[in-house]
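Letters go in sequence order (proteins before strands), and every chain restarts at 1. Just so it is clear, the model here is predicted, and its values are computed rather than measured.
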Amino acid sequence: MAIYGLVDCNNFYASCEKIFRPDLANTPIVVLSNNDGCVVARSSEVKKLGIPAGIPYFKVKHQLESIGVKIFSSNYTFYGDISNRVMSVLREYTGEIEIYSIDEAFIDLTTTPKPENLGKLLHSKISQGVGVPVSIGIASSKTLAKVATDVAKKNPQYGGVYSMLDKNSVNNILKDFPVSKIWGVGPQTTKFLNNHSIFTALEFINCEDDWIRKNLKILGLKTVWELRGRDCITMETSPKNKKSILSSRSFGQPVTSQKQLQQAISSYIAIACKKLRSQKSVANYLHVFVRTNKHKKHELQQHSSQLIRLQTASNYTPDLTKASQEAVTKLFQPGYKYKKAGVVLTGLHPENQVQENLFIPSEKTPKQNKAIAVLDRMNNRFGRNKITLASSGIKPKWIMRCELRSNQYTTNWQEIPNIKI
DNA sequence: TCTGGGGTCCTAGGACCC
DNA sequence: TCTGGGGTCCTAGGACCC
């Protein structure tokens with residue numbers, strides 16, 4: 001039987017913000033999304049106050065301020081670094097891990113003699129060594145490990161680690177576990193199940209396989225099997241190359257000119273192409289999309305995209321920038337206030353397997369290759385966007401808001417914490 | 001005034017081929 | 001005169017995840 005552990009950092013972004021701010025140890029804090037748009041992380045004190053996840057900041061700003069909640073813009077560079085530290089601890093004690101998201105990792109405990117003991121050890125090592133609290137769930141499938149982690153998180157008496165390896169404990173937990181909280185069951189499926197009087201995970205696993213397959217397809221069936229303890233979703237220890245790469249942002253203020261829109265798109269292309277080069281792939285297709293603010297019903301609305309097939313698959317920023325200009329020309333309409341735009345690269349293939357176009361040479365000259373390699377190195381060393389194409393604009397107006405960002409304590413010498421002795 | 005960003009997988013349906 | 005049908009590939013869109 002397989003045994004999985006899931007290690008999940010509690011309130012990750014909020015916990016990160018507290019690491020170098022012992023003065024905030026018991027202060028309620030929230031972290032906002034890009035553009036200071038939504039509340040994406042809440043410390044436990046804030047959760048208790050009933051502030052929901054994902055709520056637009058402006059709706060709760062007054063409430064948060066009036067009760068003394070400390071607000072942070074998101075600081076992804078910092079969270080990424082803390083995440084790496086957590087993952088290093090896991091690797092040190094468990095060998096191969098599957099990094100599932102910035103704040104979660106699966107570990108394979110199949111051959112670990114006492115999984116729960118290792119869980120306790122990891123819990124204390126991460127807490128002491130990195131400074132963020134984690135919850136660890138142990139079970140015979142990933143989906144059950146997710147459930148176990150939820151139990152560990154909600155019940156402090158287990159000390160942050162909960163094992164669901166024996167059958168009795170599984171049924172005991174599943175009978176009170178709402179289907180809406182199952183990994184892989186979203187709002188649509190919840191609605192469907194509830195309409196059929198299925199409310200708990202236990203009721204869900206007691207359904208007939210045929211019925212589940214017919215209505216919820218193969219994914220639904222896999223989820224049920226996993227909840228019955230059958231291991232269907234195995235470990236992925238080496239990160240796979242992405243099949244699509246997306247870069248998009250909402251604008252700090254509406255964009256109304258074609259030039260600004262083009263600048264924004266150019267800068268997203270630069271980000272996406274850099275990711276593409278780092279996985280040594282080329283893209284065949286480029287999607288460019290633009291959106292107006294759907295919440296402003298009285299304004300002109302546009303939600304459209306252009307798909308461009310590149311003449312030759314490429315990861316060379318100027319190629320894709322040029323292609324994007326054509327798309328922007330088709331998409332842009334005067335009089336519309338654009339709120340968000342982005343690019344998606346698809347049809348990705350390894351760069352050494354490019355299908356040559358008979359009429360158009362795809363090989364970049366050595367000079368072009370060198371230039372783009374230098375650009376990547378400089379930007380890696382000195383920070384994203386230190387060197388850009390002129391088409392991305394300089395100090396653009398549409399740049400995101402992030403007025404309440406904390407320091408990059410661990411990744412920027414200028415912002416390293418000071419200690420007064 | 002103010003509503004995130006980056007992914008994956010699956011399915012249906014059209015295009016195309018033989 | 002008779003005008004098929006199955007397989008495959010691709011894309012758009014939906015649902016879900018963090």
Side-chain angles (χ1 to χ4, degrees), chain A residues 6-13 30-41 52-62 64 71 73-76 79-80 83 98-106 142-143 146 149-150 179-193 213-223 232-233 236 239-254 268 271-272 275-276 279 284-285 287 289 291-297 299 303-309 337 339-348 400-404:
Chain A
L6 173 64
V7 181
D8 189 350
C9 300
N10 302 347
N11 320 321
F12 183 57
Y13 298 164
V30 301
V31 180
L32 305 177
S33 65
N34 277 333
N35 261 320
D36 294 347
C38 299
V39 172
V40 288
I55 190 163
Y57 174 45
F58 74 90
K59 286 191 177 170
V60 288
K61 187 167 183 234
H62 278 302
L64 293 176
I71 321 276
S73 299
S74 41
N75 185 346
Y76 293 107
Y79 310 147
S83 173
E98 176 184 338
I99 298 174
Y100 179 67
S101 72
I102 193 165
D103 69 336
E104 277 176 69
F106 288 103
K142 284 183 172 176
T143 307
K146 280 277 204 182
T149 304
D150 187 77
V179 287
S180 60
K181 283 170 68 182
I182 298 168
W183 189 43
V185 175
Q188 297 303 315
T189 310
T190 298
K191 207 165 144 192
F192 173 81
L193 290 173
R213 191 181 190 114
K214 183 167 156 254
N215 294 291
L216 303 177
K217 316 297 172 190
I218 187 70
L219 285 183
L221 191 54
K222 268 193 181 178
T223 297
C232 304
I233 308 173
E236 300 276 359
K240 287 190 181 152
N241 276 355
K242 308 275 181 236
K243 294 174 180 172
S244 67
I245 291 174
L246 178 145
S247 175
S248 79
R249 298 284 186 281
S250 293
F251 302 128
Q253 50 181 284
Y268 306 151
I271 294 167
K275 288 184 189 169
L276 192 59
Q279 71 166 38
N284 276 295
Y285 296 96
H287 307 245
F289 65 87
R291 273 169 215 177
T292 49
N293 189 339
K294 65 180 177 205
H295 301 287
K296 295 195 168 176
K297 302 216 181 339
E299 291 183 0
H303 180 136
S304 47
S305 68
Q306 278 282 321
L307 169 66
I308 295 172
R309 189 192 181 115
K337 293 181 178 171
K339 174 63 184 167
K340 180 176 182 174
V343 301
V344 191
L345 309 181
T346 59
L348 309 189
M400 290 190 302
R401 280 188 305 269
C402 54
E403 288 155 5
L404 310 162

| said: If you only use heavy atoms from C-beta on, which nucleotide in dG6(B), dC10(C), dT8(B) is closest to the side chain of Arg249(A)? | reply: dG6(B)

| query | If you take all heavy atoms of Tyr268(A) and Ala341(A), which pair is closest and at what distance? | reply | CE1-O, 3.3 Å

| Value rounded to 0.5 Å, distance of CD1 in Ile308(A) from CG in Asn284(A) | 13.5 Å

| field | Between dG7(B) (C1') and Tyr76(A) (OH): distance, integer Å | value | 14 Å

| message | What contact category does Lys340(A) fall into here, base, sugar-phosphate, or nothing, at under 4.0 angstrom with non-hydrogen atoms? | response | sugar-phosphate

| message | When you measure from the side-chain N and O atoms of Lys242(A) to the phosphate of dG6(B), is any distance below 4.0 Å, counting only OP1 and OP2? | response | no

| request: Would you sort out whether Ile271(A) and Val343(A) count as a side-chain contact (heavy atoms from CB on, under 4.5 Å), showing the intermediate values? | output: CA-CA 10 Å; Ile271(A) 294 167; Val343(A) 301; over 6 Å; no

| remark: note: Leu216(A), atom CG; dT11(B), atom P; distance rounded to Å ~ 11 Å

| request: Measure across Lys275(A) and Leu246(A) and return the closest heavy-atom pair with its distance rounded to 0.1 Å. | output: NZ-O, 4.0 Å

| field | Distance in angstrom units between Ile308(A) CD1 and dT11(C) C1', rounded | value | 16 Å

| query | Between atom OH in Tyr268(A) and atom P in dG7(B), what is the gap in whole Å? | reply | 15 Å

| request: Give Lys191(A) one of three labels, base, sugar-phosphate or nothing, depending on what nucleic acid heavy atoms sit under 4.0 Å from its own. | output: nothing

| task | Using a 4.0 Å heavy-atom cut-off across all strands, classify Phe192(A) as base, sugar-phosphate, or nothing. | result | nothing

| field | Phosphate OP1/OP2 of dG6(B): any Ser244(A) side-chain N/O under 4.0 Å | value | no

| request: Let me know, please, whether Ile218(A) or Asn293(A) comes out on the 5' side of the other along DNA chain B by nearest nucleotide. | output: Asn293(A)

| task | Among the candidates dT8(B), dG4(B), dG7(B), find the nucleotide nearest to the side-chain atoms of Lys243(A). | result | dT8(B)

| request: Mind checking Lys61(A) for me? I need base, sugar-phosphate or nothing, with any heavy atom below 4.0 Å counting as a touch. | output: nothing

| note | Closest to the 5' end of DNA chain B, once Ser248(A) and Leu219(A) are matched to their nearest nucleotides, is Ser248(A)

| field | Short side-chain N/O contact from Lys240(A) to OP1 or OP2 of dG7(B), under 4.0 Å | value | no

| query | Whole-Å distance between dC10(C) C1' and Asn284(A) CG? | reply | 13 Å

| query | Given that both pair distances must be under 3.5 Å and the pair must be Watson-Crick or G-U, what runs of three or more consecutive pairs involve DNA chain C? | reply | B:5-18 with C:5-18

| field | Minimum heavy-atom distance between Asp36(A) and Ser73(A), given as atom pair plus value | value | OD1-OG, 2.7 Å

| task | Over all heavy atoms of both residues, which pair between Thr292(A) and Lys337(A) is shortest? Give the atoms and the distance, please. | result | CG2-O, 3.3 Å

| query | To the nearest angstrom, how far is Ile233(A) atom CD1 from dC10(B) atom C1'? | reply | 14 Å

| Considering only side-chain heavy atoms of Tyr285(A), which listed nucleotide, dA12(C), dC10(B), dC10(C), is closest? | dC10(C)

| request: Taking all non-hydrogen atoms of both residues into account, name the closest pair between Ser74(A) and Ser33(A) and its distance. | output: OG-C, 3.6 Å

| request: Establish, with yes or no, whether the OP1 or OP2 oxygen of dT1(B) is under 4.0 angstrom from a side-chain nitrogen or oxygen of Lys296(A). | output: no

| note | Protein-proximity profile, nucleotides 13-18 of chain C, B/S/- by nucleotide at the 4.0 Å heavy-atom cutoff, equals --SSSS

| request: For Asp36(A), answer base if it contacts any base atom (sugar-phosphate contacts may also be present), sugar-phosphate if it contacts only those atoms, and nothing otherwise; contact means non-hydrogen atoms under 4.0 Å. | output: nothing

| field | Test log, rule salt bridge (charged side-chain N to carboxylate O under 4.0 Å, His left out), inputs Glu104(A) and Lys146(A) | value | CA-CA 10 Å; Glu104(A) 277 176 69; Lys146(A) 280 277 204 182; 2.5 Å; yes

| said: For Lys242(A) versus Gln279(A), what's the shortest heavy-atom pair and its separation? | reply: N-OE1, 2.7 Å

| task | Could you tell me whether Leu32(A) contacts a base, only the sugar-phosphate backbone, or nothing, with contacts defined as non-hydrogen atoms closer than 4.0 Å? | result | nothing

| task | Check the angle between the aromatic planes of Tyr79(A) and Phe12(A) and answer parallel, tilted or perpendicular using the 30° and 60° thresholds. | result | perpendicular

| message | Without decimals, in angstroms, what is the distance between His287(A) NE2 and dG7(B) C1'? | response | 14 Å

| task | Take the protein atom CG of Asn241(A) and the nucleotide atom P of dC9(B), then report the distance between them rounded to whole Å. | result | 13 Å

| task | Identify which one of Val30(A), Asn75(A), Ile102(A), Leu32(A) satisfies the side chain to side chain contact (heavy atoms under 4.5 Å, CB included) criterion when paired with Tyr13(A). | result | Ile102(A)

